[in-house]
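This report concerns only the one structure given below.
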Protein chains: 2
Amino acid sequence: MAAKRVSVTQLASSLRDAITRFNRRVRQTRPVGDLTVTQLSALTSLQLAGALSPRELADAERVQPPTMTKIVAKLEERGLVQRTPHPTDGRQVILAATEAGRAILAQHERARDEWLAPRLAALTPEERETLRRAAEILQKVARA
Amino acid sequence: MAAKRVSVTQLASSLRDAITRFNRRVRQTRPVGDLTVTQLSALTSLQLAGALSPRELADAERVQPPTMTKIVAKLEERGLVQRTPHPTDGRQVILAATEAGRAILAQHERARDEWLAPRLAALTPEERETLRRAAEILQKVARA
DNA sequence: TCACGATCCTTAGCTTAACTAATGAGCCCG
DNA sequence: CGGGCTCATTAGTTAAGCTAAGGATCGTGA
């Protein structure tokens with residue numbers, strides 16, 4: 001209880017609308033270094049984890065395995081990801097960022113989110129804190 | 001100054017990742033009543049505004065005009081949107097939700113966001129309040 | 001031990017959603 | 001009244017996602 005003025009349904013609508021528009025806006029910005037947002041996200045997950053199977057990476061990115069196959073294929077074309085066979089399980093594949101992939105990520109660490117960062121910087125510290133906590137909550141909800 | 005622990009760049013990354021995954025999750029849910037999230041959002045904007053030109057609607061939805069042309073075409077096919085010529089300007093078109101369109105929206109007012117609403121309901125009131133304020137901030141940022 | 005079900009990844013094919021570039025129609029101003 | 005601008009659409013491409021189906025491999029239970 002202590003329900004706020006805004007009902008859950010209304011919150012759902014406005015939150016979804018806000019996120020939809022925000023997301024479009026983020027995607028409108030030209031991909032950094034020829035990597036799309038999706039590809040960059042996958043590559044980042046991969047580097048953070050060290051090495052993952054396609055399924056694990058798909059789960060981490062919340063997409064279906066065939067979708068990840070395509071994303072990985074594009075990253076592999078560019079030589080950013082390497083595919084090695086699993087030592088014991090012949091079905092599995094192990095994915096890892098290559099030297100070039102890590103270089104790209106490092107290179108973009110500063111340039112990353114070049115559209116978004118200045119706009120966040122223009123907000124008040126309280127607003128940024130709200131967004132920081134919201135990001136955590138959204139991750140939790142998406143994961144549920 | 002008074003910079004929070006988390007740098008703006010880090011916030012940009014984590015916020016973008018959270019929203020990307022969240023958005024995927026929302027889109028994974030099958031469209032309500034055969035309307036996709038995109039179509040529903042456009043139809044809602046249209047009804048809220050009363051009537052808009054394609055360009056105005058595209059601006060409101062943060063997409064390019066050709067994209068809106070396609071979205072509107074699908075809504076028109078279903079008879080949810082009506083296209084009437086502008087009284088004085090022969091170039092322009094006026095879009096408005098039809099009776100059927102309004103009926104669909106009314107019908108979905110309760111069923112809308114059926115995936116999201118229960119998950120929001122499971123959060124604490126404080127978390128919901130954070131998301132409510134975050135939605136406002138995100139709208140503002142997307143609009144900037 | 002070996003056959004069968006389960007798991008992993010990929011292929012194939014489809015849909016949606018977005019973009020840019022170009023086209024055609026109409027408006028307006030000099 | 002002609003040339004430049006704006007509006008909407010068409011055309012064509014790309015990315016991103018899905019489901020369904022296939023082949024290869026693993027592991028288990030009779």
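By convention in this document, chain letters (A, B, ...) are assigned in the order of the sequence lines, proteins followed by strands, and residues within each chain are numbered from 1.
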**Separation of C/dC8 P from A/Q92 CD (nearest whole Å)** = 6 Å
**Request:** Apply the side chain to side chain contact (heavy atoms under 4.5 Å, CB included) test between A/L57 and each candidate in A/L43, A/V72, A/I71; give the one that qualifies.
**Result:** A/V72
**Prompt:** 5'-most contact on DNA chain C: B/K74 or A/E56, nearest heavy atom basis?
**Reply:** A/E56
**Message:** Nearest whole Å is fine: how far is C/dT7 P from A/D89 CG?
**Reply:** 12 Å
Validation: residues 60-67 of chain B side-chain donor-acceptor distances under 3.5 Å, sequence neighbours left out:
| residue | atom | partner | partner atom | Å |
| --- | --- | --- | --- | --- |
| B/E61 | OE1 | A/R24 | NH1 | 3.1 |
| B/E61 | OE1 | B/S41 | OG | 2.8 |
| B/E61 | OE2 | A/R21 | NH2 | 2.8 |
| B/E61 | OE2 | B/S41 | OG | 3.3 |
| B/E61 | OE2 | B/S45 | OG | 2.5 |
| B/R62 | NE | B/A142 | O | 3.4 |

**Message:** Please classify the nucleic acid contact of A/T69 as base, sugar-phosphate, or nothing, using heavy-atom distances under 4.0 Å.
**Reply:** base
**Request:** Take the protein atom CZ of A/R55 and the nucleotide atom C1' of C/dT10, then report the distance between them rounded to whole Å.
**Result:** 12 Å
**Message:** Looking at A/T36, I'd like to know whether one of its side-chain N or O atoms comes within less than 4.0 Å of OP1 or OP2 on D/dA16.
**Reply:** yes
**Item:** A/V8, A/I137, A/L15 screened by side chain to side chain contact (heavy atoms under 4.5 Å, CB included) with B/R128, the one that passes
**Value:** A/V8
**Asked** Would you say the side chain of B/P54 lies within less than 4.5 Å of the side chain of B/L95, judging by non-hydrogen atoms?
**Response** yes
**Fill in**
When rounded to whole Å, the NZ to P distance for the pair A/K70 and C/dT15 reads 13 Å
**Prompt:** Within the distance-only criterion (no hydrogens, no angle test), does the side chain of B/T98 pair as donor or acceptor with the backbone N or O of B/L80 below 3.5 angstrom?
**Reply:** yes
**Request:** Before giving the answer on side chain to side chain contact (heavy atoms under 4.5 Å, CB included), spell out for B/K140 and A/L123 the whole-Å C-alpha distance, their side-chain angles and the decisive distance to 0.1 Å.
**Result:** CA-CA 10 Å; B/K140 189 170 71 174; A/L123 299 176; 4.0 Å; yes
**Request:** May I have the distance from A/Q39 (atom CD) to D/dT14 (atom C1'), rounded to whole angstrom?
**Result:** 11 Å
**A/E136 and A/R133 ion-paired at < 4.0 Å** = no
**Request:** Kindly indicate, with the supporting measurements, whether the criterion salt bridge (Lys or Arg N to Asp or Glu O under 4.0 Å) is fulfilled by B/K74 and B/E77.
**Result:** CA-CA 5 Å; B/K74 278 174 191 150; B/E77 269 176 26; over 6 Å; no
**Item:** Positions of residues 58-68 of chain A (non-hydrogen atom under 4.0 Å from DNA chain D), listed by number
**Value:** A/V63, A/Q64, A/P66, A/T67
Would you list the protein and nucleotides 22-24 of chain D atom pairs, both N or O, that sit under 3.5 Å from each other?
none

**Asked** How close or far is atom C1' of D/dT10 from atom CD1 of B/I71, stated in whole angstroms?
**Response** 16 Å
**Request:** Scan B/T20 against the nucleic acid and name what it touches under 4.0 Å (heavy atoms): base, sugar-phosphate only, or nothing.
**Result:** nothing
**Request:** For B/T38 and A/T20, run side chain to side chain contact (heavy atoms under 4.5 Å, CB included): C-alpha distance rounded to whole Å, both residues' side-chain angles, the deciding distance at 0.1 Å, then the answer.
**Result:** CA-CA 8 Å; B/T38 301; A/T20 297; 5.9 Å; no
**Prompt:** Can you check the A/L75 CG to D/dA16 P distance for me, whole Å?
**Reply:** 10 Å
**Item:** Rounded distance (Å) that lies between atom C1' of D/dC7 and atom CG of B/L57
**Value:** 14 Å
**Asked** Does D/dG17 have OP1 or OP2 sitting under 4.0 Å from an N or O in the side chain of B/R24?
**Response** yes
